[in-house]
Amino acid sequence: MISFSIAPASLHRLRRRLLAAGPGVAAAILQEAGFASGEALSTEWRVRVTERTGVGDVGQLDANWFGPLLGELCASLGWGTLTAATVADRALLLSSGDWAEAEPQSTEHAGCYFTCGCFAAFLSAQAGAPLAVLEVECRSAGRSECRFLAGSAETLAGVYDLVAAGRSWREAFAPEELPA
């Protein structure tokens with residue numbers, strides 16, 4: 001699959017134009033476009049894993065390598081720094097203080113729709129099962145970091161309900177289940 005880079009400013013402009021048509025329209029279109037990029041990211045991932053670890057089958061990668069290698073890959077592609085942490089053994093939290101899709105303090109709500117689609121496709125391919133991704137904190141909405149929570153549709157449904165009601169995503173988990 002051919003990989004193509006898009007400048008963050010282009011993605012910001014596209015998001016602003018789509019938001020003018022309606023938030024639901026913007027989210028749906030950008031997530032779908034991101035999904036296609038997630039498939040390309042999977043190809044880049046296989047190359048990165050093999051180069052850095054010598055493991056030819058990404059399914060055999062030690063879980064301790066996942067977060068650091070994904071962070072390296074995202075940084076090398078110009079998306080920003082990224083850390084990964086498990087939440088309650090049923091979700092994955094991806095965090096970044098400089099995520100490229102975010103346009104700091106430009107909206108009231110999370111806005112990295114493209115990334116949500118990209119991570120959903122990428123993580124589903126790695127897990128071998130469908131995973132959903134929800135941005136639970138966003139620099140575009142004035143937060144210090146973009147945080148993406150990935151998990152089953154069932155796990156994220158409860159999180160979504162909390163966020164939609166103006167509550168914290170953290171309430172979906174016991175304090176001891178949250179990363180430090």
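These numbers come from a predicted model, not from an experiment.
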**OP:** Classify the side-chain pair T115/E101 by whether it contains a donor and acceptor separated by less than 3.5 Å.
**Re:** yes
Original post:
Hey, mind stepping through F173 and L93 against side-chain contact (heavy atoms from CB on, under 4.5 Å) and telling me if it holds?
Top reply: CA-CA 12 Å; F173 305 95; L93 181 66; over 6 Å; no
Examine [X] and [Y] and state if one hydrophobic cluster contains both, with Ile, Leu, Val, Met, Phe, Trp and Tyr joined whenever side-chain heavy atoms are less than 4.5 Å apart.
X	Y	value
L131	W45	yes
F122	L30	yes
L156	V87	yes
F119	V136	no
L82	V49	yes

Original post:
What's the verdict on side-chain contact (heavy atoms from CB on, under 4.5 Å) for S140 and R15, showing C-alpha distance, side-chain angles and the deciding distance?
Top reply: CA-CA 11 Å; S140 295; R15 181 173 53 87; 3.8 Å; yes
Side chains of [X] and [Y]: closer than 4.5 Å at any heavy-atom pair?
X	Y	value
F35	Q31	no
L77	C74	no
C138	R143	no
H109	E135	no
L134	V159	yes
L69	L61	yes

What are the two closest non-hydrogen atoms of [X] and [Y], and how far apart are they?
X	Y	answer
P8	A100	CB-O, 3.5 Å
S37	F114	OG-CZ, 3.2 Å
D62	N64	OD1-N, 2.7 Å
S96	T81	OG-O, 2.5 Å
C116	V133	O-CB, 3.7 Å
C118	L41	SG-CD2, 4.0 Å

Look up atom [atom1] in [X] and atom [atom2] in [Y], then write down how far apart they are to the nearest 0.5 Å.
X	Y	atom1	atom2	value
L73	E51	CG	CD	10.0 Å
R16	H12	CZ	NE2	8.0 Å
I6	L14	CD1	CG	6.5 Å

**OP:** May I ask you to decide if the ring planes of W99 and F148 are parallel, tilted or perpendicular, using 30° and 60° as cut-offs?
**Re:** perpendicular
Is the number of heavy atoms from other residues, nucleotides or ligands under 6.0 Å of [X] [atom1] greater than 12?
X	atom1	value
R48	CZ	yes
E72	CD	yes
F66	CZ	yes

**OP:** Determine, stepwise, if the pair W169 / L178 fulfils side-chain contact (heavy atoms from CB on, under 4.5 Å).
**Re:** CA-CA 11 Å; W169 65 271; L178 295 168; 3.9 Å; yes
Original post:
Given R139 and E103, is the salt bridge (charged side-chain N to carboxylate O under 4.0 Å, His left out) satisfied, shown in steps?
Top reply: CA-CA 7 Å; R139 291 175 50 242; E103 193 173 11; over 6 Å; no
**OP:** Begin with the C-alpha distance, continue with both residues' side-chain angles, and end with the deciding distance and a verdict on side-chain contact (heavy atoms from CB on, under 4.5 Å) for R90 and S152.
**Re:** CA-CA 8 Å; R90 64 182 191 269; S152 69; over 6 Å; no
